[in-house]
Amino acid sequence: MTTTMTMTDEVRTAGTDTAPLEHHGPRVIESLEALRACVGTHLGVSEWLTVEQSTINTFAEVTRDEQWIHVDPARAEDGPFGATVAHGLLTLSLCSSLLWEVAVVDGMGPAINYGLNKVRFPAPLLVGSRVRMHVSVTEVTDIPHGVEVIYHLTYETQGQSKPPCVADLVFRYYA
């Protein structure tokens, strides 16, 4: 199986209705001034990504975290979630690729993943689920030769009320 993505999304409104949301590529932030203007704003949402068992298995092999709750569908069926679940760190590791779907910063030199601030995994991400990521800019701070940006990330699992991951991602952009 392969990881699949869709071009049409559903977004939850104030009630239980859903409405289509079309993606037209990432938002291009063309200058440092434009990036500063994004503080306090919601930049957008990524495409939906279906979490396949093959992706979970590959992550388990690479990280050597092959706990049955991730890699043994038969045993996980009788476990606490009724199916295998993605590793929390697998969910979190999607942040860079999903961020590039939402926004890119032009006019700067290299972008460095500087780390993470608060990270939480409020709900499991079950195999076969569709997940996407909402991105906001919470802070832009000057550093020598560039800026540090804090992106607030909230992952969303289709049909679920609790997010599988919430995190503050810190990037540094250099001139």
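We count residues from 1, following the sequence as given.
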**Study point:** By side chain to side chain contact (heavy atoms under 4.5 Å, CB included) - contacts of Glu30 (at least two apart)
**Key:** Val28

Exercise for review: Hey, could you give me each pair passing side-chain hydrogen bond (donor to acceptor under 3.5 Å, both in side chains) that has a residue in residues 83-100? Not counting sequence neighbours.
Suggested key: Gln53-Thr84

**Study point:** Atom pair OG1 (Thr50) and CZ (Arg132), whose distance is rounded to the nearest 0.5 Å
**Key:** 12.5 Å

**Study point:** Straight-line distance of Glu52 CD to Asn57 CG, nearest 0.5 Å
**Key:** 11.0 Å

Review point. Taking side chain as C-beta onward, heavy atoms only, is Val137 less than 4.5 Å from Leu43?
Key: yes

Review point. Can Leu99 be reached from Val39 by stepping across I, L, V, M, F, W or Y side chains whose heavy atoms are under 4.5 Å apart?
Key: yes

Point to revise | Beyond-backbone contact of His42 with Ser136, side-chain heavy atoms, under 4.5 angstrom | key: yes

Practice item. Examine distances only and state if a side-chain atom of Thr157 and a backbone atom of Gln160 form a donor-acceptor pair shorter than 3.5 Å. Key: no

Practice item. Evaluate the criterion side chain to side chain contact (heavy atoms under 4.5 Å, CB included) for residue pair Leu35 and Val149; output intermediate values, then yes/no. Key: CA-CA 9 Å; Leu35 182 59; Val149 179; 3.5 Å; yes

Review point. Taking C-beta and beyond as the side chain, do Glu156 and Trp48 meet within less than 4.5 Å on heavy atoms?
Key: yes

Check your understanding: When hydrophobic residues are tied together by side-chain contacts of less than 4.5 Å, even through go-betweens, does Ile29 share a cluster with Ile143?
Key -> no

Review point. Looking at side-chain heavy atoms only, is the closest gap between Glu47 and Val102 below 4.5 Å?
Key: no

Check your understanding: Is there side-chain contact between Thr141 and Val147, with heavy atoms separated by less than 4.5 Å?
Key -> no

Exercise for review: Count the heavy atoms belonging to other residues, nucleotides or ligands that lie under 6.0 Å from CD of Glu77, then report whether that count exceeds 12.
Suggested key: no

Exercise for review: Specify the closest pair of heavy atoms between Leu125 and Ser129, including all atoms of both residues, with the distance to one decimal.
Suggested key: CD1-CB, 3.7 Å

Check your understanding: Would a 4.5 Å heavy-atom cut-off, applied to side chains only, mark Ser46 and Met133 as touching?
Key -> yes

Review point. Residues in salt bridge (charged side-chain N to carboxylate O under 4.0 Å, His left out) with Asp106, at least two apart?
Key: none

**Study point:** Co-membership, hydrophobic cluster, residues Val85 and Ile56, 4.5 Å side-chain
**Key:** no

Practice item. Only counting residues at least two apart or in another chain, list the ones meeting side chain to side chain contact (heavy atoms under 4.5 Å, CB included) with Gln67. Key: Asp65, Ile69, His70

Using atom types as modelled, flag every donor-acceptor pair under 3.5 Å from a side chain in residues 164-175 to any protein atom, sequence neighbours excluded.
residue : atom : partner : partner atom : Å
Asp168  : OD1  : His152  : ND1          : 2.7
Arg172  : NE   : Glu148  : OE1          : 2.8
Arg172  : NH2  : Glu148  : OE1          : 2.8
Tyr173  : OH   : Tyr151  : OH           : 2.6

Practice item. Would you name the heavy atoms of Gly115 and Asn113 that are closest together and state the gap between them? Key: N-OD1, 3.0 Å

Review point. Can you tell if the side chain of Leu89 reaches within under 4.5 Å of the side chain of Thr63, non-hydrogen atoms only?
Key: no

Practice item. Any chance you could measure Leu116, atom CG, to Leu92, atom CG, to the nearest 0.5 Å? Key: 5.0 Å

Check your understanding: So if you build clusters from Ile, Leu, Val, Met, Phe, Trp, Tyr with side-chain heavy-atom gaps below 4.5 Å, do Val119 and Tyr155 land together?
Key -> yes

**Study point:** Cluster link Met108 to Ile112, ILVMFWY, side chain under 4.5 Å
**Key:** no

Exercise for review: List in chain and number order the residues that pass side-chain hydrogen bond (donor to acceptor under 3.5 Å, both in side chains) with Arg120, two or more places apart in sequence or in another chain; answer none if no residue qualifies.
Suggested key: none

Review point. Does the Thr55 side chain pair with the main chain of Val51, one donor and one acceptor, at a distance under 3.5 Å?
Key: no

